[in-house]
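Single-structure report; data block below.
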Amino acid sequence: MATFSKKLFKSLSNLSEMSQYLVVINNIQGITTQEADTLKELAFAKDPRLLEAHQSFMTNHSTNTLISKWRKILAEIKGKPRPIQTDFSDEPEIQLIPKSSKSPKSQKSPKSQKSQKSPKAPKSPNRLSQLLPTEIKSPTLDKGKDSQITGSDLITLRDKIGLGNIDPRSLIAKARSILKNHKTLNFEDFCKFIIGVEGSEADFSKLKKKQILKVLFDNFDQENKNELDKNHMLNSLIVVCGGTPDMKTEATFMLYDINNDGLISFDELLEHQISVFKILYKVRPEAINKTGETPESLARVTVESIFNEADADGDGVLSLAEFQAWVKGEPISDIAKEEKKAHVDEIKNKKEKLFQQIKAIRKSLTSEDTAQELIRLKISTGLGDVHVTDALKYFRSHSTTGFMTRKQFSNILLNLICKYTDYRPQPDVFNNAVNQLYVNFDRDGNGVVDFSELFCGLSMLCAGNAGDKLKGACDSYDESSDGKMQMEEVVKYFTSVFSVLLGAEAKNLISPEYLAKVTAKELFSMYEIEEDGEISYEDLKDWFDRNRVLL
């Protein structure tokens with residue numbers, strides 16, 4: 001049985017009654033997924049028996065008594081329809097039935113009839129399903145499409161497109177690289193990803209496959225937005241694809257392990273659960289609005305309850321062994337505890353070493369050597385005499401595609417210098433400076449760079465104060481000139497800045513891209529801005545002033 005700490009009960013007491021019911025039902029061990037589904041429906045219906053059982057639980061804190069009362073309630077309503085089970089560990093052989101047709105009784109096999117009368121209960125509580133509310137996870141909604149599919153029908157669909165042959169861990173591993181820049185996927189993105197990882201036979205028609213994928217996509221798209229939240233989609237695919245329960249558990253762990261360090265932190269799981277509850281709020285607003293809670297508050301209590309049970313040594317992170325033990329409702333072995341401690345210590349040492357490297361590199365950004373290198377580049381390119389505002393206008397008017405080759409960059413820069421200054425650079429000095437700058441931005445070596453990224457780096461060499469340069473950087477991304485940048489844009493901006501400021505030795509230790517990501521996250525956190533929000537160039541200037549970074 002789950003044990004609820006005093007801290008968790010205190011957290012529960014801060015939630016509305018409806019939120020308390022959902023969190024407790026999701027996190028009590030000893031009940032099946034179907035039983036949990038039925039209890040949630042009773043909670044939404046405000047069944048007085050369930051409310052009385054919950055109030056007693058909040059007083060006596062006895063999980064055994066609570067489960068006993070729940071089973072009594074479930075026995076009283078026996079015979080009423082229950083939600084379709086979405087645990088596909090045991091896979092019945094059922095044909096896909098179109099919505100408009102009915103299957104004659106004569107076509108039912110004895111095996112099918114038996115499974116309908118006596119559904120097989122899981123050997124242990126399905127804790128994994130509790131991480132994703134049933135209303136979201138169950139891909140059984142009738143969306144008015146040509147066909148409606150049930151949990152069993154999904155098995156047939158997945159086999160048609162080859163997902164039954166896919167190890168879910170491989171699915172998540174490929175998603176980490178292929179979808180790392182995606183937050184949502186439209187149907188075409190979804191098809192490209194699935195076809196890229198599927199395991200169906202080579203002669204299967206891609207057209208037919210896309211038709212089946214459309215049915216799957218529509219059933220995953222429970223908000224009817226014609227796009228899927230990436231994490232929700234991957235959660236659903238883990239459920240649908242093949243593999244053993246242990247494989248699915250490990251795949252789920254990989255999905256939550258955002259930084260891929262082999263551990264799940266409280267914040268990593270919280271981030272995922274917030275996105276889950278946000279979707280739930282949109283899918284079931286009429287029910288969830290009754291709770292009076294936010295996705296953030298519900299997610300926090302849920303994650304607290306998980307860590308309360310699963311984090312055996314209380315160090316604030318979960319290892320794969322702890323996560324697997326929690327899913328199965330089993331204690332973790334002493335060997336696994338020792339292995340986790342060694343791994344956590346190793347990660348801490350790596351983070352401390354990285355922290356010291358970042359600290360040293362950031363210090364170098366304000367060094368005399370860096371200042372002298374900037375002065376040299378300003379002189380050799382001639383940009384030191386061109387105001388950043390003029391440079392932005394000129395580059396923007398001559399960059400119609402938004403991208404530049406090395407030759408285009410060299411020609412535009414030379415014409416800019418000739419227009420706004422009397423400086424006429426020596427060809428070899430100028431070409432060396434251009435090559436040095438361009439190679440910093442052409443990081444993939446394809447001979448083409450993004451105009452905004454390129455200009456952000458060049459702005460540091462232009463004339464003007466720090467405010468002018470930061471405003472120019474913001475404007476290079478935002479033609480409306482409202483002076484705000486999103487996280488992705490800030491990362492690109494810092495990458496450009498660090499590409500110019502960091503020396504070769506520093507770049508060998510930490511890439512400008514990695515330092516930019518770390519810095520951007522710290523920046524948004526410092527000014528208490530959500531990562532999907534926007535930051536003003538005034539705040540950016542304040543950060544540069546505080547850290548004395550050269551502009």
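- The CZ atom of Arg169 sits 4.5 Å away from atom CE of Met247, with the distance rounded to the nearest 0.5 Å.
- The distance from atom CE of Met485 to atom NZ of Lys492, rounded to the nearest 0.5 Å, is 10.0 Å.
- Counting only N and O atoms by type, the side chains of Ser56 and Glu52 include a donor and acceptor under 3.5 Å apart.
- Counting only N and O atoms by type, the side chains of Asn235 and His272 include a donor and acceptor under 3.5 Å apart.
- Scanning both residues, Leu213 and Cys191, for their nearest heavy atoms gives CD1-SG, 3.9 Å.
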| Could you go step by step and tell me if Arg49 and Ile77 meet the side chain to side chain contact (heavy atoms under 4.5 Å, CB included) rule? | CA-CA 11 Å; Arg49 297 165 296 181; Ile77 64 170; 3.5 Å; yes
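- Closest approach of Gln273 to Tyr256, counting heavy atoms only: NE2-OH, 4.4 Å.
- Partners of Lys337 under the side-chain contact (heavy atoms from CB on, under 4.5 Å) rule, at least two apart in sequence or in another chain, are Ala312, Ile332, Asp334.
- Taking the charged nitrogens against the carboxylate oxygens, Asp246 and Lys328 do have a contact shorter than 4.0 Å, which makes a salt bridge.
- Scanning both residues, Ala516 and Phe494, for their nearest heavy atoms gives CB-CB, 3.6 Å.
- Other residues, nucleotides and ligands place no more than 12 heavy atoms under 6.0 Å from the NZ atom of Lys517.
- Remark: Glu530 CD is loosely packed, at most 12 non-hydrogen atoms of other residues, nucleotides or ligands lying under 6.0 Å away.
- For the atom pair CD (Glu322) and CG (Leu263), the distance works out to 9.0 Å, reported to the nearest 0.5 Å.
- Taking each heavy atom of Val24 and Trp70 in turn, the nearest pair found is CG1-CH2, 4.0 Å.
- When every heavy atom of Ile73 is checked against every heavy atom of Leu42, the shortest pair comes out as CG2-CD1, 3.8 Å.
- Residues passing the side-chain contact (heavy atoms from CB on, under 4.5 Å) test with Phe266 are Leu270, Arg300, Val303, Glu304, Phe307, sequence neighbours excluded.
- For Glu188, the salt bridge (Lys or Arg N to Asp or Glu O under 4.0 Å) partners at least two apart in sequence or on another chain are Lys210.
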| query | Given the rule in the side chain to side chain contact (heavy atoms under 4.5 Å, CB included) test, do Phe403 and Val449 qualify, once you have shown the distances and angles that lead to the verdict? | reply | CA-CA 5 Å; Phe403 295 92; Val449 297; over 6 Å; no
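- Val317 approaches Asp315 most closely through the heavy-atom pair O-OD1, 3.1 Å.
- Evaluation of the side-chain contact (heavy atoms from CB on, under 4.5 Å) rule for Glu268 yields Asp257, Ile258, Asn259, Ile264, Ser265 as partners, not counting sequence neighbours.
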| request: Start with the C-alpha distance between Arg71 and Ile67, add both sets of side-chain angles, then the distance that settles side chain to side chain contact (heavy atoms under 4.5 Å, CB included), and finish with yes or no. | output: CA-CA 6 Å; Arg71 295 208 183 281; Ile67 290 179; 3.8 Å; yes
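- Here Leu320 pairs with Glu250, Phe253, Gln324 under the side-chain contact (heavy atoms from CB on, under 4.5 Å) rule; sequence neighbours left out.
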| Worked check of side chain to side chain contact (heavy atoms under 4.5 Å, CB included) between Val327 and Phe323 | CA-CA 6 Å; Val327 170; Phe323 188 70; 4.2 Å; yes
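- By the 4.0 Å N-to-carboxylate-O rule, Asp221 lies too far from Lys225 to be salt-bridged with it.
- Scored by the salt bridge (Lys or Arg N to Asp or Glu O under 4.0 Å) test, Asp311 finds Lys340 as partners (sequence neighbours excluded).
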